[in-house]
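Okay, structure first, notes after.
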Amino acid sequence: MRLDKLLSHAGYGSRKDVKKIIVSGSITVNDKVIKKVGHNVDPETDTIQYMNEPVLYQEYYYVMLNKPDGIISATEDREYETVIDWVELDFGHAQLFPVGRLDIDTTGFLLLTNNGQLAHQLLSPKKKVKKRYEALIEGVVTEEDIQKFEKGLDLGDFITQSANLEILEVHAEISQTLIHVEITEGKFHQVKRMFEAVGKEVIQLHRISMGPLKLDPELALGDYRELTEAEMDLLVPYGLE
Ligand code: URA
């Protein structure tokens, strides 16, 4: 890997910034000053230092974000702030992208990574990765709705796979219901469309888990952190080495 690329990915600045650092003679590779920006290094075996401090290089990043309302699940956008803009200060160097999408007004668990293979596995329809949501519904959700969700709903362009719907709290006096729903697909506006199909409306939607990963209750809306070792172990069945 080129030295300038490695430094840039390790967070030492843009390619232009790191070029200056290298040319200034502050980088050593195996204790030898290297001033060639395109010098080839192997991050596994070479010892790379910046002003006598080791350069810590990480190829892949896995970031859990408790997505707030009002930002979009995209890498860039002209109009709206994206989830990638949101984590830019800490992970701007890592070329992250969101694993799947949440609507602009949906909050909760979103995984950001630069590991395309993992994202592919988690999003593959064949893997049927479970996505669990908590939602506040306009209307009183009934046992009949639970059965309809379980059987599959005809949304016009497709029939949903069996979904698990749980009623947590019914507030009949204001006609609202708090529920949990678990789906294995990830079609556009899927949960909102499923409730529309039974004559109800989603007021608030918050994702609480995706596959084996659960939203850390310590993360307030808008907070994010890298996955722990234990959480990364849970991703081994999805191809994480
Ligand atoms: N279903 C929706 O309707 N919206 C989301 O953001 C996620 C699932």
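Keep in mind it's a predicted model, so treat the numbers as computed, not measured. Atoms within a ligand are numbered from 1 in the order they appear, just like the ligands themselves.
- Of the heavy atoms in Thr106, only side-chain atoms (C-beta onward) come closer than 4.0 Å to ligand 1.
- Remark: the Glu150 side chain and the Ser162 side chain contain no N/O donor-acceptor pair separated by less than 3.5 Å.
- For ligand 1, the atoms lying closer than 4.0 Å to a non-hydrogen atom of His189 are 1 (N), 2 (C), 3 (O).
- In terms of N/O distances under 3.5 Å, ligand 1 is approached by Asp103.
- Here the side chains of Lys131 and Gln190 are not in contact, with every heavy-atom distance at 4.5 Å or above.
- Looking at Val202 against ligand 1, nothing comes within 4.0 Å, counting heavy atoms.
- In this structure, Lys35 and Val33 have side chains that are in contact, with non-hydrogen atoms separated by less than 4.5 Å.
- In terms of the side-chain hydrogen bond (donor to acceptor under 3.5 Å, both in side chains) criterion, residue partners of Arg132 (sequence neighbours excluded) are, by chain and number, Glu166, His180, Glu182.
- Here's the thing with Val191: one of its N/O atoms is less than 3.5 angstrom from an N/O atom of ligand 1.
- Taken together through direct or relayed side-chain contacts under 4.5 Å among Ile, Leu, Val, Met, Phe, Trp and Tyr, Val202 and Leu178 form parts of separate hydrophobic clusters.
- At the shortest separation from atom 7 (C) of ligand 1 among protein heavy atoms lies Tyr133 OH, 3.4 Å.
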